[in-house]
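What follows is a short report on a single structure.
Whatever order the structure lists ligands and atoms in, that order sets their numbers, starting from 1. All residue numbers in this chain count up from 1 along the given sequence. As a basis for the values below, the full set of heavy atoms in this structure was taken, side chains included, without hydrogen atoms, waters or symmetry mates.
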Amino acid sequence: MDPVPQPDPDLLIDFNDVTVRRSGHTLVGPVTWQVELDERWVVLGPNGAGKTSLLRMAAAEMYPTSGTANLLGETLGKVDMSELRPRIGLSSAAVASRIPRDETVSDLVVSAGYAVLGRWRERYDEMDTDRAVDVLESLGAEHLSDRAYGTLSEGERKRVLIARALMTDPELLLLDEPAAGLDLGGREELVERLGDLASDPDAPATVLVTHHVEEIPAGFTHAMLLNEGSVVSQGLLTDVLTSENLSEAFRQSITLDQIDGRYFARRSARFGRHRTR
Ligand SMILES: Nc1ncnc2c1ncn2[C@@H]1O[C@H](COP(=O)(O)OP(=O)(O)OP(=O)(O)O)[C@@H](O)[C@H]1O
Ligand SMILES: [Mg+2]
């Protein structure tokens with residue numbers, strides 16, 4: 001009998017032909033995808049492409065309907081999901097919606113450790129408070145420590161949520177549309193912070209989901225383009241992010257520009273700019 005293949009511990013995400021189906025409808029897949037240490041991925045695609053479904057599987061929040069999903073050297077379905085979750089930091093609209101408005105920022109960040117680890121508060125208090133200050137500082141949000149979450153601006157909330165996701169020192173950081181709802185300044189500030197994080201060799205492997213190439217921070221290394229649950233292209237960011245691939249993913253003709261390590265996309269002009277009848 002062939003031995004059962006063991007998950008490769010060097011692969012943080014190792015999905016083989018995974019699909020998620022509900023009521024006969026394929027949400028995402030089949031996807032085969034590997035994420036290694038030090039990689040920073042962006043997952044791009046239009047509304048309904050399956051990005052959040054893919055990320056929820058990577059967060060050990062959802063099992064695949066078919067295929068094999070290995071996370072952090074464990075196979076989903078063969079390991080207690082609650083053992084994996086403390087090793088994964090997740091920031092998403094669903095996480096945000098569960099936060100009480102009157103929770104203070106410092107409690108919110110410190111409690112990430114307790115919420116996922118079930119630690120004894122008394123024993124870890126000082127160490128965790130120091131770490132909370134560190135992670136808030138790394139996102140330029142330390143001055144918000146004493147504020148109630150409900151009083152923060154959208155941009156401040158996003159940074160605090162990412163700090164919370166980093167609190168447990170995860171091996172994998174998953175960000176679902178971290179810049180959604182931000183104004184231009186807020187988006188640029190966040191993208192810069194995420195760029196700093198991406199260039200930090202001690203930062204966890206990261207997967208960022210977005211609709212917009214403008215939100216890809218400098219230092220990101222890989223990309224996956226999804227459309228209707230299927231992978232249009234994946235691999236090195238520079239290979240994947242082309243006008244042709246984006247046009248296929250978004251089903252319209254897209255022109256892509258790159259300036260100073262950032263990307264900008266727009267719909268291609270239907271005719272030449274100076275064309276006359
Ligand atoms: N529980 C469910 N049952 C049935 N269909 C679902 C379920 N959850 C998601 N879907 C559908 O699966 C598809 C993929 O959803 P998903 O949320 O993963 O897309 P997305 O790429 O994150 O979209 P968006 O950019 O709008 O956030 C959508 O068509 C959605 O309506
Ligand atoms: Mg989504």
Side-chain angles (χ1 to χ4, degrees), residues 13 15-33 35 40-69 71 76-77 81 84-85 88-99 154-155 157-159 161-162 164-165 172-183 186-187 190-191 194 206-217 220 222-235 237 240-241 245-252 254 256 263-267:
I13 297 176
F15 287 177
N16 295 296
D17 263 334
V18 297
T19 60
V20 179
R21 281 190 290 273
R22 294 284 182 276
S23 326
H25 175 71
T26 301
L27 278 51
V28 68
V31 174
T32 294
W33 181 35
V35 173
R40 281 86 173 94
W41 281 76
V42 59
V43 176
L44 277 157
N47 289 125
K51 304 179 299 294
T52 295
S53 305
L54 186 72
L55 207 71
R56 290 193 62 205
M57 240 185 317
E61 283 196 346
M62 213 185 213
Y63 291 108
T65 312
S66 62
T68 314
L71 275 180
L76 287 189
M81 301 269 230
L84 278 177
R85 288 201 196 116
I88 300 168
L90 172 67
S91 161
S92 67
V95 171
S97 70
R98 293 194 291 264
I99 298 172
E154 200 53 41
R157 284 182 194 191
K158 300 284 184 195
R159 280 186 278 149
L161 274 176
I162 298 170
R164 184 176 202 266
L172 185 59
L173 177 66
L174 306 173
L175 307 172
D176 196 351
E177 297 193 42
L182 300 193
D183 69 14
R187 180 193 83 184
L190 185 70
V191 169
L194 292 175
T206 303
V207 181
L208 181 156
V209 164
T210 178
H211 301 117
H212 303 294
V213 297
E214 289 77 2
E215 293 173 6
I216 303 175
F220 268 55
H222 291 72
M224 177 190 287
L225 299 182
L226 285 175
N227 181 284
E228 293 185 3
S230 301
V231 178
V232 171
S233 177
Q234 65 162 314
L237 187 74
V240 170
L241 228 53
N245 287 337
L246 281 174
S247 301
E248 194 181 335
F250 287 90
R251 299 275 156 90
Q252 49 189 305
I254 305 283
L256 181 73
Y263 291 90
F264 303 88
R266 66 202 142 92
R267 184 146 57 161

Those atoms of ligand 1 less than 4.0 Å from some heavy atom in Glu177
25 (O), 27 (O)
For the residue pair Trp41 and Trp33, categorise the inter-ring angle as parallel (less than 30°), tilted (30 to 60°) or perpendicular (more than 60°).
perpendicular
In this structure, atom 13 (C) of ligand 1 is nearest to the protein heavy atom Gly48 O, 3.7 Å
Go through ligand 1 atom by atom and flag the ones less than 4.0 Å from a non-hydrogen atom of Ser53.
15 (O), 16 (P), 18 (O)
Residue-ligand contact Gly50/ligand 1, heavy atom below 4.0 Å
yes
Tell me the protein heavy atom at minimum distance from atom 26 (O) of ligand 1, and give that distance in Å.
Asn47 ND2, 2.9 Å
What's the shortest heavy-atom distance between Met62 and Leu27, and which atoms?
CE-CD2, 4.3 Å
Between Thr65 and Thr19, a side-chain donor and acceptor under 3.5 Å
no
Measure across Leu190 and Lys158 and return the closest heavy-atom pair with its distance rounded to 0.1 Å.
CD2-CB, 4.5 Å
Among non-hydrogen protein atoms, atom 17 (O) of ligand 1 lies closest to Thr52 CB, 3.7 Å
Counting only nitrogen or oxygen atoms and a 3.5 angstrom limit, does Ser23 reach ligand 1?
no
State whether any protein heavy atom lies less than 4.0 Å from atom 30 (C) of ligand 1.
no
Interatomic distance, CD@Glu215 vs CG@Leu194, rounded to 0.5 Å, equals 9.5 Å
Shortest non-hydrogen contact from Ile13 to Ala58?
CD1-CB, 3.8 Å
What pair of heavy atoms forms the shortest contact from Leu256 to Leu241, and how long is it?
CD2-O, 3.2 Å
Kindly indicate whether atom 10 (N) of ligand 1 is approached by any protein heavy atom to under 4.0 angstrom.
yes
Which one holds for Arg22 and ligand 1: side chain close, backbone close, both close, or neither close, with close meaning a heavy atom under 4.0 Å?
side chain
Looking at atom 12 (O) of ligand 1, what's its closest protein heavy atom, distance included?
Leu27 CG, 3.2 Å
Show me which atoms of ligand 1 lie under 4.0 Å from any heavy atom of His211.
24 (P), 25 (O)
Heavy-atom closest pair (Asp17 atom, Pro30 atom, distance to 0.1 Å) is OD1-CB, 3.6 Å
Can you give me the closest heavy-atom contact between Ala60 and Leu76, atom names plus distance?
CB-CD2, 4.1 Å
Metal check, the Mg ion (ligand 2) vs Asn47 N/O/S, cut-off below 2.8 Å
no
